Amino acid sequence: MRGYAPKATVQTYGKGLEGLIAGETTISSIDGTKGTLSYRGHDIASLANDRSFEEVSYLILNGHLPDSGELSAFDAELKSWREPPEGAVRALDHLPRNATPLAKYRTMLSVAACLNPDAAETDPAWQWKRPTRILAWTAAIAAAAIRHLDGKPPIPADPDLSFAANFLYQSLGQRLSEEDVRAFEASLTVQAEHGLHAAALAALIVISTGADLGSAVLAGMGALSGARHGGANQLCFRLIETLGTPEVARAFAQEKLAQKFRFPGFGHRVYKCPDPRVSILEPLTQQLLARHQKTDLYESWQAFRKEVESALSPRGIYANVDSITGLIYHAIGLPIPSFTIPFCLAIQVGWMAHCLEYLDQGPMIEPGAVYLDTQTS
Ligand code: ACO
């Protein structure tokens, strides 16, 4: 039998790789005890309030905020890729309407890769050409997948609209108000990067093998879809929409706490304090829901959240970003099964930045395992 001798001795081992450092990065900094998150040295609150998603994406990918020339070139490139290959959109005709939109979106991106003549090119110069195309294509593909839920055909892009406004237009078939787009765009910004979380690590492992950036993004999508990760926003909203009045919300939280229920939208591997993304989105969400006559929903969410946090915060469990984004997506009219899509669209920017950063750094990522001998007595 061939022996396996790891190069380094095992330093730490924890189930779920908790506490293990998987790489070095200059992309984002997270403090899970103070509750801070910054991209390339910029606090996310200022980015969410003052910058467009295009600017934030450029920053994450390129390391600095764009000047006006860089921004218009990036914007023009994104707009030039807004029409994904026809065959990728037609793939929808072969998929059931009620399949989850994220699964349809993932399938369509795979089809787009098959129709793309340079998909197999993996030298760094080719990899660096890909992020804008992936970002623009996936927005159009995701919008088509959302419309397919209701049997509606895709809508062509509007070249006058920003990335966020156009995605909503292509998904919903109507142009939203500036304020509504801003709330949605802020949700994209705060979710655009988060270090080497599970989905980013999945993408990084794929790029480290010498695969193409599209395959890495597909791996990230699969990892993000799970209920413990990006899939939690749908589950949390399904719970919130049943709450009714704040009194009912509090009683429901008490009942579930007594059952030791695992609340979707609460808890985080890194944050053992309030999630900074929630506090940034709170005022925007409150105003958005008020504009849409849904203040009751906001109040019952707050009552529910406070009740859960007052019991679980001593253990470091607070509402995470997935608990609030569903309120935004519901208010602007996105269907619940599609809620993980905006999260995926945003955070793939971070995945791609980590993958590109890794191209110059790394060996193939391949950890070992602790063998448990159950054969010998
Ligand atoms: N509700 C109630 N209890 C919880 C929750 C929760 N949401 N999260 C963790 N706990 C408890 C666990 O039951 C466990 O208790 P125990 O020690 O008595 O068994 C303890 O906290 C530790 O739980 P772990 O799963 O080991 O903690 P971890 O740090 O790995 O959890 C995770 C992170 C997976 C996100 C977890 O908090 C969870 O399942 N949350 C719900 C799903 C969710 O919201 N996911 C989105 C996360 S944010 C994101 O991906 C963008």
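All ligand and atom numbering here is 1-based and tracks the order in the structure. Note that the coordinates shown come from a computational prediction; the quantities given were computed from them, not determined experimentally.
Taking every non-hydrogen atom of Leu312 and a distance limit under 4.0 Å, the qualifying atoms of ligand 1 come out as 2 (C). Contact atoms of ligand 1 toward Lys272: 29 (O) (distance under 4.0 Å to a heavy atom of the residue). Heavy-atom proximity to Ala232, at under 4.0 Å, picks out these atoms of ligand 1: 43 (C), 44 (O), 45 (N), 46 (C). For ligand 1, the atoms sitting less than 4.0 Å from at least one non-hydrogen atom of Gly265 are 43 (C), 44 (O), numbered in the order shown with element in parentheses. Of all atoms in ligand 1, numbered sequentially from 1 with element shown, those under 4.0 Å from a heavy atom of Asn320 are 43 (C), 44 (O), 46 (C), 47 (C), 48 (S). For ligand 1, the atoms sitting less than 4.0 Å from at least one non-hydrogen atom of Phe343 are 51 (C), numbered in the order shown with element in parentheses. Atoms of ligand 1 found under 4.0 Å from any heavy atom of His229 (numbered from 1 in listed order, with element): 45 (N), 46 (C), 49 (C), 50 (O).
For atom 45 (N) of ligand 1, the nearest non-hydrogen atom of the protein is Arg228 O, 2.8 Å. The closest protein non-hydrogen atom to atom 33 (C) of ligand 1 is Arg269 N, 3.7 Å. Residue, atom and distance of the protein heavy atom nearest to atom 1 (N) of ligand 1 are Phe263 N, 3.0 Å. Ranking protein heavy atoms by distance to atom 3 (N) of ligand 1, first place goes to Ile317 CD1, 3.9 Å. Ranking protein heavy atoms by distance to atom 13 (O) of ligand 1, first place goes to Arg262 NH2, 3.4 Å. If you check which protein heavy atom lies closest to atom 18 (O) of ligand 1, you get Arg315 NH2, 3.1 Å.
Relative ring orientation between Phe163 and Phe53 is described as tilted, the plane-to-plane angle lying within the 30° to 60° band. Ring geometry for Phe263 against Phe304 counts as perpendicular: the plane angle is over 60°, on a 0 to 90° scale with 30° as the lower cut.
Residue Thr36 forms a side chain to side chain contact (heavy atoms under 4.5 Å, CB included) with just one option from Asp31, Ile44, Ile30, and that option is Asp31.
Checked against a 6.0 Å centroid threshold, the rings of Tyr271 and His194 count as neighbours. For Tyr329 and Phe184, the ring centers sit closer than 6.0 Å to each other.
Put simply, the side chain of Leu224 reaches to within 4.5 Å of the side chain of Trp351, judged on heavy atoms.
Ligand 1 has no N or O atom lying under 3.5 Å from any N or O atom of Glu18, backbone or side chain. Ligand 1 has no nitrogen or oxygen under 3.5 angstrom from a nitrogen or oxygen of Arg277. Distances between N or O atoms of Phe266 and those of ligand 1 include at least one value under 3.5 Å. Checked by distance only, ligand 1 and Val321 stay at 3.5 Å or farther apart across all their nitrogen or oxygen atoms.
Distance check for atom 38 (C) of ligand 1: a protein heavy atom is found below 4.0 Å. Using a 4.0 Å threshold on non-hydrogen atoms, atom 27 (O) of ligand 1 does not count as touching the protein.
Here the shortest heavy-atom pairing between Leu257 and Ala311 reads CD1-CB, 3.6 Å.
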Task: Worked verdict on His197 versus Arg269 for side chain to side chain contact (heavy atoms under 4.5 Å, CB included) - done: CA-CA 9 Å; His197 58 274; Arg269 177 58 70 81; over 6 Å; no
TODO: For ring pair (Phe, Tyr, Trp, His ring centres under 6.0 Å), just list the numbers for His330 and His292, CA-CA rounded to whole Å, side-chain angles, deciding distance to a tenth of an Å, and then say yes or no.
DONE: CA-CA 10 Å; His330 166 73; His292 289 263; 9.3 Å; no
Task: Asn320 and Ser323: CA distance, side-chain angles, deciding distance, side chain to side chain donor-acceptor pair (under 3.5 Å) verdict - done: CA-CA 6 Å; Asn320 65 47; Ser323 78; 5.2 Å; no
TODO: Show the numbers, then the answer: is there a side chain to side chain donor-acceptor pair (under 3.5 Å) between Gln302 and Tyr298?
DONE: CA-CA 6 Å; Gln302 282 289 13; Tyr298 186 80; 3.0 Å; yes
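The part of Phe261 lying near ligand 1 is the backbone, judged by heavy-atom distances below 4.0 Å. At a heavy-atom distance under 4.0 Å, only backbone atoms of Ala227 (N, CA, C or O) approach ligand 1.
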